[in-house]
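Reckoned from all heavy atoms, side chains included, excluding hydrogens, waters and symmetry mates. Counting convention: from 1, in listed order, for ligands and their atoms alike.
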Amino acid sequence: MVMTRAPHPLPPRPAPSQTSDPASSAPLWHALPPDATLEHLGSHARGLSAADAAARLLQHGENRLREAPPMPLWRRVLRQFDNLLIWVLLVAAAITVAIDHVVDAAVIVAVVLLNVTIGLVQEGKAERALAAIRRLLAPQAHVWRDGHLLALDAAHLVPGDVIQVNAGDNLPADVRWLSTHELQIDESALTGESVPVSKHPAAVAADAALGDRRSMGYAGTLATAGQGVGVVVATGMATEVGRIGQLLQDVAETSTPLVRQMAQMGRWITLAVLAAAALLFGFGWGVRGLPALDTFMAAVGLAVAAIPEGLPAIMTVTLAIGVQRMAQQRAIVRRLPAVETLGCVTVICSDKTGTLTRNEMTVQQVVLAEALIDVEGVGYAPTGALLRDGAPLQPGELWREAPTLLALAEGAALCNDAELLRAEDGHWQLAGDPTEGALLTLAMKAGLDPQRLALERPRTAVLPFESSRRYMATAHRRDDGSLEVWLKGAPERVLALCTHALDERGQSMALQQAAWEQRIQAQAALGRRVLAMARGTLPAGAALTHETLPADLALVGLVGIIDPPREEARAAIALCQGAGIRVTMITGDHALTAQAIARALGLRATDHVLTGADIEAFDEAALRRAVRHCDVFARAAPEHKLRLVRALQAHGEVVAMTGDGVNDAPALKAADVGVAMGQKGTEAAQRAAAMVLTDDNFATIARAVREGRTVYDNLRKVITFLLPINGGESVSLLVAVLLGLALPIAPVQILWVNMVSSIALAAVLAFEPTEADVMRRPPRPPKQPMLTPFVLWRIALVSALFAIGIFGVYRWALDNGHDHATAQTLAVNTLVAMEVFYLFSVRYLRAPSFTWAGVQGTPRVLLAVAGACALQALFTYTPFMHEWFGSAALSLPQLALCAAMGVAVLAVLELEKAVLRRWRLV
Ligand code: ATP
């Protein structure tokens with residue numbers, strides 16, 4: 001089937017809709033012919049006017065499905081209790097009440113409430129971050145408005161709008177097809193049938209079931225091939241999906257393997273600690289004969305001390321903050337685990353056009369059989385002369401001076417779906433494919449008016465461009481009824497279809513294959529995208545299909561198009577290479593073009609270029625060998641990407657792969673991190689991807705990798721910060737019980753430290769900025785556990801330091817005649833002081849913290865430290881705290897002692913870092 005297209009410019013518009021509410025009297029659209037459908041909807045084959053659409057939008061509302069109602073507060077609160085720790089604390093509170101320790105019980109209950117509140121707030125924060133991201137992914141629709149094909153927010157579609165759907169698009173509303181070209185739709189979302197069905201404009205029986213309505217397309221289904229133009233018959237909740245009440249698909253996950261692993265670890269720690277507490281109680285009471293009550297309180301203290309209460313919540317927030325930061329950098333994470341995987345990426349396979357290059361195409365040279373024509377000017381503005389041997393050609397005289405050039409320019413305008421619009425500021429804006437935009441500009445520089453040309457030679461059929469075929473063809477009616485066919489595409493494809501060429505006067509001449517191939521190579525070697533243009537004839541009434549291309553195609557000439565590399569891409573590639581990440585380019589362009597651009601961008605292995613044909617010729621083993629030493633893949637089709645991903649993964653590489661088309665989806669899914677383009681990417685690609693770039697820019701991938709590594713660093717810092725605090729507390733308690741001494745810190749005091757100071761301080765780590773060397777380190781091995789030997793060592797060392805500090809100060813106070821409350825308060829303040837200084841240390845896991853930046857911290861760090869100090873002042877000096885927590889006021893020298901212990905911890909850790917760096921142990 002061939003798609004027909006209305007000519008430029010607009011035919012007269014029908015009177016605005018008289019059908020006030022098409023939906024209220026909705027006929028069976030699928031059984032209605034296209035024209036009757038348009039009429040019923042008060043629309044036209046070229047769509048609505050902007051004013052009419054705006055009025056209809058008011059009447060029908062936005063094209064949105066209602067989202068799931070948010071979970072009510074009581075259920076969210078209840079969900080917080082689905083947590084082993086909370087139950088442990090509640091049981092502890094119940095027992096403490098039973099044994100008359102009412103204040104302790106109240107404190108424990110307060111801690112539970114605080115924990116639930118923090119959980120709620122943090123969950124809300126994470127959810128809001130993800131909801132904001134969902135909004136960023138709002139789908140777009142290609143709509144005819146005021147006679148122009150525009151990309152609009154799909155929410156603004158109204159019944160009567162005429163939309164164009166391409167392979168890879170998700171249907172934004174229910175449509176009645178007006179014309180289709182090999183259109184296939186996957187309707188599994190609606191009918192459960194996973195085989196795509198082909199669609200056509202012909203009406204079907206009135207009683208056809210949903211799955212048999214070939215003349216209709218439904219919102220939420222996916223175009224897998226071809227192209228179609230349809231008129232919107234229903235939007236929002238009036239669509240079939242809306243009526244079924246199916247809800248919007250979400251960015252679902254809020255967790256990652258790592259966070260789940262840590263939550264699991266938290267549960268194990270809790271269980272182990274409970275067992276240890278029971279043992280402790282048995283030992284103290286049964287073996288040592290200590291009073292049951294005191295021993296029980298010590299056991300509760302141990303439980304509270306050893307369980308890292310705040311860890312899972314802070315990890316979730318760290319992740320959410322990372323995702324939010326990435327969104328600010330224009331990388332939208334659709335699958336949360338990708339944040340972690342990004343830090344492990346060892347190879348990035350990137351598309352060329354638009355990602356590494358600017359996708360702003362300009363024709364620089366036209367190559368004819370006997371002449372080279374230079375084209376002046378950059379961008380889409382049609383200003384610039386055509387030069388032959390340095391001398392400008394007069395546009396009005398081309399028919400005499402260079403008829404073949406004029407023919408080529410006509411073909412460039414006719415075999416073209418793009419449109420150039422002049423904005424009010426005089427700027428030329430492109431609607432459509434940049435390659436075609438460049439050709440339109442060329443035609444205009446040659447003095448042609450594309451709109452007039454389209455009227456003079458109306459298009460009767462089109463074979464749209466597909467990356468697998470690499471050419472496009474159109475047929476145009478001549479006065480004698482025969483069809484003039486224009487074919488443009490990758491030169492080797494076009495050359496193979498041509499039987500002869502045109503000389504400078506437009507006369508037929510022999511096709512000198514070798515000479516043309518040389519000309520193609522010369523263009524490609526300059527990094528230009530090369531297109532060949534050919535012209536042929538079909539008899540009146542003949543159909544244009546891939547099988548029935550004219551037998552008399554004449555090669556008219558070549559155009560060499562420049563697409564400059566993105567300036568920031570070069571720097572980003574160098575950054576990735578410095579971070580131990582290999583960057584490869586996969587492109588549909590010519591091998592030499594790809595090679596020239598790859599060299600300009602600084603890719604490494606560019607001496608040998610693998611082409612799609614090579615990839616096809618290789619078996620898996622050969623391909624695996626070949627991918628090791630090649631960074632440029634040219635003339636590659638989407639299906640080659642999947643094989644490349646697999647071949648690279650076979651070497652243990654962690655692969656990030658970019659893609660935009662519907663056929664890229666399998667490769668995006670197979671890659672460790674699939675990256676889809678937000679602007680030129682299809683929805684199919686975006687759905688398959690783990691991450692979407694809203695600016696289609698390679699530099700954004702590099703930034704996302706950097707952010708991914710930062711998030712992982714921060715998660716590790718949170719763990720390295722929190723676990724030793726619990727470790728230090730538990731060790732000092734254990735030592736006390738085992739030696740039969742009084743507890744240096746009471747259980748309620750431990751709760752205070754864990755739930756108030758520790759969390760306030762640890763939360764800062766979620767926001768930590770990127771460390772300077774993050775992109776100078778090699779990628780993290782994917783199997784590397786969070787708790788590496790280094791982290792475990794650090795946890796052990798700091799636990800020991802904390803235990804010594806707590807116990808040392810406590811014993812010193814008692815030995816110097818201070819009462820028990822003062823000794824405990826000293827121990828608590830020492831613990832918090834050590835935490836504060838440790839925070840400064842942990843902000844740089846390996847690098848020294850005694851630097852100007854390190855000492856300054858960030859505003860957030862300083863705020864958290866000030867907060868922790870204020871809370872400690874409250875704890876130490878207010879009577880009600882004395883009452884609740886058994887604390888006592890301290891003198892200034894005593895406070896100085898606490899601070900000194902903190903400084904000592906920092907000094908020891910700086911020494912440790914220096915030694916480890918010196919011996920290259922980290
Ligand atoms: P990349 O993979 O780097 O993004 P690409 O996907 O843009 O490159 P394709 O669009 O598949 O590459 O283009 C491959 C070749 O097809 C081009 O080199 C060009 O010769 C030809 N081509 C591109 N666009 C068109 C078009 N609109 N009409 C005809 N031929 C085209």
*Would you mind finding which of Arg528, Met533, Glu466, Arg529 brings a heavy atom closest to atom 12 (O) of ligand 1?*
Arg529
*Cationic N near anionic O, under 4.0 Å, Glu639 to Arg643*: no
*asked:* Test side chain to side chain contact (heavy atoms under 4.5 Å, CB included) on Glu517 and Leu495; report intermediate values, then the result.
replied: CA-CA 9 Å; Glu517 270 159 25; Leu495 219 60; 4.3 Å; yes
_Give the atom numbers and elements of ligand 1 that come within less than 4.0 Å of a heavy atom of Glu436._
26 (C), 27 (N), 28 (N)
*If hydrogens are left out, which of Ser467, Ala637, Gly432 has an atom nearest to atom 11 (O) of ligand 1, that is, the closest non-hydrogen atom?*
Ser467
*Output yes when the distance from some N or O of ligand 1 to some N or O of Val530 is under 3.5 Å, and no in every other case.*
yes
*asked:* For ligand 1 and Phe465, I'd like to know whether there is a polar contact (N/O to N/O, distance under 3.5 Å).
replied: no
_List ligand 1 atoms under 4.0 Å from Asp589, heavy atoms only on the residue side._
17 (C), 18 (O)
_Suppose the criterion is ring-ring contact (aromatic ring centres under 6.0 Å, His included): which pairs have a residue in residues 347-376, not counting sequence neighbours?_
none
*Does the side chain of Thr606 pick up a donor-acceptor pair with the side chain of Arg599 at under 3.5 Å?*
yes
*So, Glu616 and His640: side-chain donor and acceptor under 3.5 Å apart, yes or no?*
yes
*Heavy atom of Asp417 under 4.0 Å from ligand 1?*
no
_Residues Phe698, Cys576; criterion side chain to side chain contact (heavy atoms under 4.5 Å, CB included); working and verdict_ = CA-CA 11 Å; Phe698 180 84; Cys576 289; 4.3 Å; yes
*asked:* Quick one, Glu484 and Thr474 - any side-chain contact, counting heavy atoms below 4.5 Å?
replied: no
*Relative to ligand 1, is Thr593 under 4.0 angstrom through side chain, backbone, both or neither, heavy atoms considered?*
neither
*Starting from atom 6 (O) of ligand 1, which protein heavy atom do you reach first, and at what distance in Å?*
Gly588 N, 4.4 Å
*Between Arg469, Lys488, Met677, which one has a non-hydrogen atom sitting closest to atom 29 (C) of ligand 1?*
Lys488
*Can you list the atoms of ligand 1 that are under 4.0 Å from a heavy atom of Ala490?*
20 (O), 21 (C)
*May I ask you to list the atoms of ligand 1 that are less than 4.0 angstrom from any heavy atom of Leu531?*
19 (C), 20 (O)
*Work out whether the distance between some heavy atom of Met585 and some atom of ligand 1 is less than 4.0 Å.*
no
*With heavy atoms under 4.0 Å as the rule, classify the contact between Asp660 and ligand 1 as side chain, backbone, both or neither.*
neither
*Within 6.0 Å of NE2 in His546, more than 12 heavy atoms from elsewhere*: yes
*asked:* Side chains of Thr584 and Asp631 only: does a donor on one sit below 3.5 Å from an acceptor on the other?
replied: no
Residues 520-530 side chain polar contacts: donor-acceptor under 3.5 Å, at least two apart:
from	atom 1	to	atom 2	distance (Å)
Gln523	OE1	Arg528	NH1	3.0
Gln523	NE2	Gln365	OE1	2.7
Arg528	NE	Gln364	OE1	3.1
Arg528	NH1	Gln365	OE1	2.8
Arg528	NH2	Gln364	OE1	3.2
Arg529	NE	Asp589	OD1	3.2
Arg529	NE	Asp589	OD2	3.2
Arg529	NH1	Thr435	OG1	3.0
Arg529	NH2	Thr353	OG1	3.3
Arg529	NH2	Asp589	OD2	3.3

*asked:* Side chain or backbone, does Thr353 bring an N or O within less than 3.5 Å of an N or O on ligand 1?
replied: yes
